[in-house]
K.L.:
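Handing you this structure, nothing more for now.
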2 protein chains.
Amino acid sequence: MRADARRNYEKILATARVVFTERGTDSSLDEIAKRAGVGPGTLYRHFPTREALVDALMQDWTDRVASDADAAIATDAPAPAMLLDWFEHFIEHITLHRGAATKICAAMDDPASPMYRKCRVMGEANRRVIEHLDERGELRPGVDPANVMRLVSGVASVADTSRAAIEVRPMLEVVVDGIVRA
Amino acid sequence: MRADARRNYEKILATARVVFTERGTDSSLDEIAKRAGVGPGTLYRHFPTREALVDALMQDWTDRVASDADAAIATDAPAPAMLLDWFEHFIEHITLHRGAATKICAAMDDPASPMYRKCRVMGEANRRVIEHLDERGELRPGVDPANVMRLVSGVASVADTSRAAIEVRPMLEVVVDGIVRA
DNA sequence: ACCTGAACACCGTTCAAGT
DNA sequence: ACCTGAACACCGTTCAAGT
């Protein structure tokens, strides 16, 4: 990659992070280009779709989610508390930019999405946590990690979409009770 | 309302139902106006926002949801089966047009939304079902009907948003297990 | 090889002119 | 009182011209 290309790439990414934080992942791409000081064509060259741009920013959260999974597995807290914590952190990460959770819901089961691979990494992290619970004999039989991931992402999406400040915890408590062996 | 106005109103609504069925609730309003044979301004006069248009179409589902709630309460099926059925029907209704479930998630907690009132009606229907369960002593303590509504709408939204054909049943089973007294 | 920015297409929204 | 459709603003996308 040429030096000026790389500089533009980084500048666009940094600007996108700021704009997405301010107004969410559905902000105008044109504005990002303008504020990054590049032409719209340049943004396009580096990020052919909005999802490609979100995907590039997702790296951070994906890393954090993965390390949170390790922390969850390492703790010896009781299953419900451990799961609640894990889910809350997960949601915190994927709702960092408004609109992201909903995009993740869509990308999760769509191999054609640019975000698919990172969704898989997060899905793997979740699978590890759930299967760890299973090994401890605390998982309700028939619970599929993929569906847990969909459910929790759904909760994130609902909270993220809503204008009101929705508490995710009460919803997560229901989910946890549905997962942990009675 | 003048005769020609009423005719246009009905024509727009009928066309919107067709277009929303074909391509979801994010279809171009311009196309609806064109296919209804009216100018864009006419559509605007009758439905100032896209949500107002969706709201007008929501009447049917709202009615069905309400009568499904009565049916759920009347049945003497065991709690889990009754709930699963109720939730599945609920989701079936609100995902009739692609994109509707997500809009309902957003409107549910936003009194300023044109769809808010009908969301309330659906919320009331759900409350009746959940409280009926409580009267039978089968509700897990601390479960709030409003959160159940959010959760199930979230499941609907995830299924609706996804490109892949997601099974809602496994997710609903988790929710049901989290709701019914162990 | 990469960037620029004009040009295009599309869509929501408004409003002056018409009936 | 209501409708029409031109006009506007905004945004994503493309591409010819430039370095």
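By convention in this document, chain letters (A, B, ...) are assigned in the order of the sequence lines, proteins followed by strands, and residues within each chain are numbered from 1.
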K.L.:
In the strands shown, is D/dC11 matched to any nucleotide by a Watson-Crick or G-U wobble pair with both distances under 3.5 Å, and which?
P.N.:
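D/dC11 is paired with nothing.
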K.L.:
Nearest-Å distance, CZ (B/Arg45) to P (D/dA1)?
P.N.:
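About 9 Å, once rounded to whole Å.
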K.L.:
Can you work out whether B/Thr49 or A/Gly39 has the more 5'-proximal nearest nucleotide on DNA chain C?
P.N.:
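Comparing both residues, the 5'-ward one is A/Gly39.
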K.L.:
With nearest nucleotides of DNA chain D determined for A/Gly41 and A/Asp30 from heavy-atom distances, which residue corresponds to the more 5′ nucleotide?
P.N.:
A/Asp30
K.L.:
Whole-Å distance between D/dG12 C1' and A/Lys34 NZ?
P.N.:
12 Å
K.L.:
What is the separation between atom CG on B/Asp26 and atom C1' on C/dC11, rounded to the nearest whole Å?
P.N.:
13 Å
K.L.:
Tell me: CZ of A/Arg6 to C1' of C/dC3, nearest whole Å?
P.N.:
17 Å
K.L.:
Taking 4.0 Å as the cut-off, does a side-chain nitrogen or oxygen of A/His46 come that near to OP1 or OP2 on C/dC3?
P.N.:
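Affirmative; the distance criterion is met.
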K.L.:
Can you tell me which nucleotide in D/dT4, C/dG12, D/dG12 comes closest to the side chain of B/Thr42?
P.N.:
D/dT4
K.L.:
What's the CZ-P distance between B/Arg2 and D/dT4, to the nearest Å?
P.N.:
11 Å
K.L.:
Would you say A/Ile104 ends up clustered with B/Met171 if hydrophobic residues are merged whenever their side chains have heavy atoms under 4.5 Å apart, either directly or through other cluster members?
P.N.:
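B/Met171 and A/Ile104: one cluster.
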K.L.:
Could you check whether the rings of B/His46 and B/Tyr9 sit parallel, tilted or perpendicular, using 30° and 60° as the cut-offs?
P.N.:
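Plane angle over 60°, so perpendicular.
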K.L.:
Is the distance from OP1 or OP2 of C/dC3 to the nearest side-chain N or O of A/Asn8 less than 4.0 Å?
P.N.:
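Checking A/Asn8 against C/dC3: at least one side-chain N or O falls below 4.0 Å of OP1 or OP2.
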K.L.:
Please tell me which of the listed nucleotides, D/dT14, C/dC11, D/dC11, lies nearest to the side chain of A/Pro40?
P.N.:
D/dT14
K.L.:
If pairing requires Watson-Crick or G-U wobble contacts with both distances under 3.5 Å, which nucleotide is the partner of C/dG18?
P.N.:
D/dC2
K.L.:
Please report the distance, rounded to the nearest Å, between CZ in B/Arg7 and C1' in D/dC2.
P.N.:
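These atoms are roughly 12 Å apart.
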K.L.:
To the nearest 0.5 Å, what is the distance between NE2 (B/His132) and CZ (B/Arg128)?
P.N.:
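Reported value, rounded in 0.5 Å steps: 11.5 Å.
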K.L.:
The side chain of B/Ser28 lies closest to which of these nucleotides: D/dG12, C/dC11, D/dC3?
P.N.:
C/dC11
K.L.:
Any chance you could measure A/Leu57, atom CG, to A/Met115, atom CE, to the nearest 0.5 Å?
P.N.:
10.0 Å
K.L.:
Rounded at 0.5 Å granularity, tell me how far CE in B/Met149 sits from CG in B/Leu151.
P.N.:
12.0 Å
K.L.:
Expressed as a whole number of angstroms, how long is the span from A/Ile12:CD1 to D/dG12:P?
P.N.:
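Result: 14 Å.
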K.L.:
Could you state the atom-to-atom distance from CG of A/Leu43 to P of C/dC3 in whole Å?
P.N.:
11 Å
